[in-house]
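Since the structure comes first, as structure tokens, the remarks are kept for the end.
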Amino acid sequence: MPSLIFLNMANNRIHIVEGNRQLASLQYLDLSSNLLTIVDEPFANFPSIKHLYLQNNKIVMWVKGTRVPGDLQTINIENNDWDCKNFEELKRKIANKMVLGSENVACTNADSPYVDRVIKFRKQEFYALKIGAAQRNVRISCKEYKPNPCDGDDNRIYEVARSKSVESFAKQSMQQLLSGLLREQNYISLIKQQIATEQQKYNQLESVNLDLVKYINDEYQYARLSGKSDPITQLNEIFEHYERENARWKNEIRAEERRNVDKLDELFTVENDIDDLGNQKNQLLEELDECNRTLIVLQTIQMNNDYGWT
């Protein structure tokens, strides 16, 4: 990034600046609201910096050998945890610069600045755990927490901190900080995964919703309705339309059923008439048979007369 001029890295939980890649073109650097504890050699990689924002960190010292950039115009170092001896020297280095928020810059005298800050952090961590335990109705054993901050036993804390195990103790505390940071990063990753999953579900629902809206609109046009674009209104009108259609078909079915009843009645009447005609036919046939028999008798008598038969 040879042409990088502006870089904003505020609010990123950055705890260290490292590396040896020089950003010669960088003029604006915002590292505010992070977890920095020191300004040291890597800051020499920004030789052309003009505006430097370091407020709201945990900075204890500006390392003696780290020079202030010659082009620096504005710097903000408020709300940090400056060591007074180091800070007095820093004030002389930036005396001709515009220092923002200088009224909120404070410092602390300590024989061992970083050990003092580690002790303070450990005490804050313990009391936070203690309050959290009380809220969960459980207890934390002070004896199991080293150095022991119970009952204001600061002397014991400093004794432990200044013993031969100070370096390992500081490393342990830093490791705990890094572990906490890693847990936070893992938690953020988990949240991001959950957000991605929820976004996927939302996209699926959105796709289903779009398909449903299209289906409703197609049904609306198929029913030959018009004038409304809101899917809910369209759906209500579709239901009303088909309710009217169903009522019309029901009326036609009832009318057809009545017509069928009338036709059945007519058919029954016709069947009765056919039965009557059958009876009349049978009676006529019987009468015809009787007439035929009478005719035969008459013809026989006539023949007897004609031929003189007796």
Side-chain angles (χ1 to χ4, degrees), residues 1-110 112-118 120-121 124-125 128 170 173-174 176-185 187-189 191-192:
M1 295 180 287
S3 60
L4 182 65
I5 297 176
F6 181 98
L7 181 60
N8 187 342
M9 298 294 290
N11 296 291
N12 273 294
R13 303 182 68 83
I14 298 171
H15 66 278
I16 188 171
V17 176
E18 57 185 355
N20 55 10
R21 183 175 181 178
Q22 193 172 80
L23 299 176
S25 62
L26 188 64
Q27 298 181 14
Y28 179 103
L29 177 60
D30 189 348
L31 289 169
S32 61
S33 301
N34 280 293
L35 301 173
L36 297 174
T37 60
I38 192 169
V39 179
D40 53 0
E41 289 82 358
F43 280 82
N45 294 324
F46 319 128
S48 303
I49 202 75
K50 294 183 180 180
H51 307 282
L52 180 60
Y53 297 89
L54 300 171
Q55 70 271 21
N56 303 322
N57 276 280
K58 306 291 183 183
I59 300 175
V60 175
M61 65 174 62
W62 187 300
V63 174
K64 188 173 182 179
T66 304
R67 72 179 189 87
V68 175
D71 293 335
L72 187 66
Q73 300 175 4
T74 305
I75 186 171
N76 192 331
I77 54 174
E78 65 177 324
N79 293 328
N80 279 287
D81 203 6
W82 294 104
D83 172 60
C84 285
K85 291 180 182 179
N86 182 271
F87 184 65
E88 291 300 322
E89 183 177 350
L90 176 62
K91 284 201 299 185
R92 290 192 293 271
K93 290 181 179 180
I94 60 174
N96 61 339
K97 313 296 181 184
M98 180 182 293
V99 182
L100 302 178
S102 57
E103 66 277 5
N104 294 322
V105 177
C107 64
T108 303
N109 285 306
S112 303
Y114 278 101
V115 171
D116 185 69
R117 271 64 175 189
V118 169
K120 183 170 72 172
F121 170 78
Q124 290 174 345
E125 182 183 45
S173 299
M174 181 59 71
Q176 289 177 345
L177 284 172
L178 293 175
S179 298
L181 179 60
L182 181 60
R183 286 194 299 271
E184 289 293 329
Q185 290 174 340
Y187 177 72
I188 291 173
S189 297
I191 294 299
K192 287 181 178 179

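All heavy atoms count here, side chains included; hydrogens, waters and symmetry mates do not. Values in this document were obtained by computation on a predicted structure and should not be read as measured data.
Remark: Ile38 CD1 to Thr66 OG1 distance equals 7.5 Å, nearest 0.5 Å. Here the CG-CG distance, from Leu23 to Leu4, works out to 6.0 Å after rounding to the nearest 0.5 Å. Atom CD of Glu89 sits about 12.0 Å away from atom NZ of Lys85, to the nearest 0.5 Å. In this structure, CG on Asp71 lies 5.5 Å from OG on Ser48, to the nearest 0.5 angstrom. One finds the NZ atom of Lys50 at 16.0 Å from the CD1 atom of Ile75 (value rounded to the nearest 0.5 Å). Atom-to-atom distance recorded for Asn79:CG and Lys58:NZ is 9.5 Å, nearest 0.5 angstrom.
Nearest heavy atoms, Ser25 versus Ser3: OG-C, 3.3 Å. Contact record, Pro42 with Gly19: CB-O, 4.0 Å, taken as the closest heavy-atom pair. Arg13 approaches Glu184 most closely through the heavy-atom pair NH2-CG, 3.9 Å.
Remark: side-chain polar atoms of Lys97 are paired, donor with acceptor, to backbone N or O of Leu72 under 3.5 angstrom. Put simply, the side chain of Asn76 gets close to the backbone of Glu78: a donor and an acceptor are under 3.5 Å apart. A side-chain donor-acceptor contact under 3.5 Å links Asn12 to the backbone of Met9. Without hydrogens or angle criteria, Asn57 side chain to Asn34 main chain gives a donor-acceptor distance under 3.5 Å. Of the possible polar contacts, none joining the Asn56 side chain to the Ser32 backbone as a donor-acceptor pair under 3.5 Å is found.
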Derivation of the side chain to side chain contact (heavy atoms under 4.5 Å, CB included) call for Leu100 and Thr74: CA-CA 7 Å; Leu100 302 178; Thr74 305; 3.5 Å; yes
Test side chain to side chain contact (heavy atoms under 4.5 Å, CB included) applied to Ile94 and Trp62, step by step: CA-CA 12 Å; Ile94 60 174; Trp62 187 300; 5.7 Å; no
Steps toward side chain to side chain contact (heavy atoms under 4.5 Å, CB included) verdict (His51, Gln73): CA-CA 6 Å; His51 307 282; Gln73 300 175 4; 3.7 Å; yes
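Annotation: Tyr187, atom OH; neighbour count of heavy atoms from other residues, nucleotides and ligands within 6.0 Å does not exceed 12. The number of heavy-atom neighbours closer than 6.0 Å to CG of Asn20, taken from other residues, nucleotides and ligands shown, is 12 or below.
Ring pair Tyr53/Tyr28 is tilted by interplanar angle, where 30° to 60° counts as tilted. Relative ring orientation between Phe43 and Phe46 is described as perpendicular, the plane-to-plane angle rising above 60° on a 0-90° scale split at 30° and 60°.
Annotation: side chain of Val39 is not in contact with side chain of Leu90 (no heavy-atom distance under 4.5 Å). Using a 4.5 Å cut-off on side-chain heavy atoms (C-beta onward), Trp82 and Ile59 make contact. Taking 4.5 Å as the limit, every side-chain heavy atom of Phe87 sits out of range of all side-chain heavy atoms of Asn80.
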